[in-house]
Q: 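One structure, as structure tokens, below. Some questions next.
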There are 2 protein chains.
Amino acid sequence: MTPEQRRAAIVDATLRVMIRQGIAASTARDVAAEMGTSSGLIHHYFASMDDLLAEAFDRVASDDLARTVAALDASSEPVERLAIFFAFYIRADEDWGMQLWLDAWSEAARRPALQQTSRRLNEAWQSLVADLIRDGMRSGEMTCDAPDAVAWRIISLLDGLALQAVAHADLVAREDANAWARGYAEDELALERGALRLRASHRA
Amino acid sequence: MTPEQRRAAIVDATLRVMIRQGIAASTARDVAAEMGTSSGLIHHYFASMDDLLAEAFDRVASDDLARTVAALDASSEPVERLAIFFAFYIRADEDWGMQLWLDAWSEAARRPALQQTSRRLNEAWQSLVADLIRDGMRSGEMTCDAPDAVAWRIISLLDGLALQAVAHADLVAREDANAWARGYAEDELALERGALRLRASHRA
DNA sequence: AGGCCTATTGCACACTTGTCCAACAGTCCC
DNA sequence: GGGACTGTTGGACAAGTGTGCAATAGGCCT
């Protein structure tokens, strides 16, 4: 096994443990057991547990982002692209995605590397949406007086819906959360006279 | 010190520790040090650390709820009452309130008592909003085809905004989050022809 | 005053954590 | 084959955890 492969294998195992037990409860020994190796090996490749957790979280979150970007490239229609973003951000097929983000947010206070990673990816998502809006503005299909602010708010609201869906998975059907998010999206897009008008403040 | 006073003092100290260090990093010894007593005392009053954390979280969250209910009673005007709710739920004066909820959500997976408490209070907030809407419907000032669903969605969206405001406190001014939440609120209330129409699905 | 009862102490216990490290094993080069 | 190098091991280590418990202190009642 080359060093690169080994590193990747450790990150893989860490990811499985994180998804199974949550970030806070993932220990070096758990990861070692998951791989069937000794725990010392982990610190041979990663300076600290914080770094390892951050890198593992980075991988899933970055992959999610990359998959979304790839899917977006399939369409050049700005409004359709925004719809694709919503579909991907909801992550209806994974029930652990949002739990991981939740853990990362909460754990970030005590793990510097994880905090940095979580923030970087959050900003990447926000800027992706902002770019989507700007694209729509360039092609004249959207109007928006503050793309960054609107993008930030869209991310926030979707996070809130996903959060409650995770916290109350048994009370609220996941499909409901998705439907509502989609409904909000379409409302937020404010289809008016065939053009998309994204509002920075709801009260004009 | 009577047993009741001592219990309350322990909960008080736990609360201070929780706010300072986060729920996950709050230990029995920290609480004891905060009170200037021995750590054994804590387990004389609480069966487990999980129970203590749950009770401490219960206290803040219940107090927040009670304060909101008290403020609501000051107004009998349904629309005004909903506005009051929004103002209280944003919790602009406390910068730790949302962090505590975030910790509770994340930590709930590993602490049964905390999970139960967090869920109970979340449902209480949701049902408060639902009742507010039903009041408005009774007096004819609001129309809503699914008060519970709308209440759940309102809570979700506000949580999302508060969440991002906590995670990126330095990137996004708290006042912006509040302004947006308020803006969303007014939009959600959908003031139309002087009457409040609360939509269950955004797409009619 | 004496007895009792309970709050409170301080510590022991078993266990887990991240981190580190001396020893071992495998492989590749000379 | 022998040596050097590096991946890998397994365990040591100190610091932490929740939990239980014998011993103490302190006040209250009789």
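Chain A is the first sequence line, chain B the second, and so forth, proteins listed ahead of strands; every chain is numbered from 1. None of the values given here were measured: they were computed from a predicted structure.
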Q: Charged N to carboxylate O below 4.0 Å: is that the case for A/D64 and A/R59?
A: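 Not counted as a salt bridge, because no side-chain N and carboxylate O are separated by less than 4.0 Å.
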Q: With DNA chain D as reference, determine whether A/S39 or A/H44 sits nearer its 5' end, using the nearest nucleotide of each.
A: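 Counting from the 5' end, the first nearest nucleotide belongs to A/H44.
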Q: Look at B/H43 and D/dG20 and indicate whether a side-chain polar atom (N or O) is within less than 4.0 Å of OP1 or OP2.
A: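 Checking B/H43 against D/dG20: no side-chain N or O falls below 4.0 Å of OP1 or OP2.
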Q: Any side-chain N or O of B/T27 less than 4.0 Å from the OP1 or OP2 oxygen of D/dT17?
A: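 Indeed, a polar side-chain atom of B/T27 lies that close.
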Q: Can you measure A/F46 atom CZ to C/dT17 atom C1' for me and round it to whole angstrom units?
A: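 My rounded result for the distance is 19 Å.
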Q: Once you round it to whole Å, what is the distance between P of D/dT8 and CZ of A/R7?
A: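 Taking atom P of D/dT8 as the reference, CZ of A/R7 is at 13 Å.
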Q: Please confirm whether the shortest side-chain N or O distance from B/R6 to OP1 or OP2 of C/dT8 is below 4.0 Å.
A: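 Yes, because at least one side-chain N or O of B/R6 sits under 4.0 Å from OP1 or OP2 of C/dT8.
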Q: What integer distance in Å separates A/Q5:CD from D/dG7:P?
A: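 It is 13 Å, rounded to the nearest whole Å.
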Q: Taking for each residue the nucleotide of DNA chain C bearing the nearest heavy atom, is the 5' side occupied by A/D30 or by A/L41?
A: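 Result: A/D30.
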Q: Has A/Y45 got a side-chain N or O lying under 4.0 Å from the OP1 or OP2 atom of D/dG7?
A: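 For A/Y45, the contact criterion (side-chain N or O under 4.0 Å from OP1 or OP2 of D/dG7) is not met.
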Q: Should the ring pair A/Y89 and A/W125 be called parallel, tilted or perpendicular, given that the plane angle runs from 0 to 90° and is split at 30 and 60?
A: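 Geometry flag for A/W125 against A/Y89: perpendicular rings.
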Q: Please state how far atom CE in B/M35 lies from atom C1' in C/dT9, giving the value in whole angstrom units.
A: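 Result: 12 Å.
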Q: Round to a whole Å and report the spacing from CD1 of B/I10 to P of D/dG18.
A: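 Answer to the nearest Å: 14 Å.
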Q: Between B/R7 and B/F46, is NZ or CZ placed under 6.0 angstrom from the six-membered ring centre and within 45° of the ring axis?
A: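 Output yes; distance and angle both within limits.
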Q: Nearest heavy atom decides the nucleotide; on that basis, is B/I42 or A/R29 closer to the 5' end of DNA chain C?
A: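 Here B/I42 is the residue nearer the 5' end.
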Q: For the pair made of CE in B/M49 and C1' in C/dC15, what is the distance, rounded to whole Å?
A: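 Result: 17 Å.
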Q: Is any side-chain heavy atom of A/V129 less than 4.5 Å from a side-chain heavy atom of A/W152?
A: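 With C-beta onward as the side chain, the pair stays apart.
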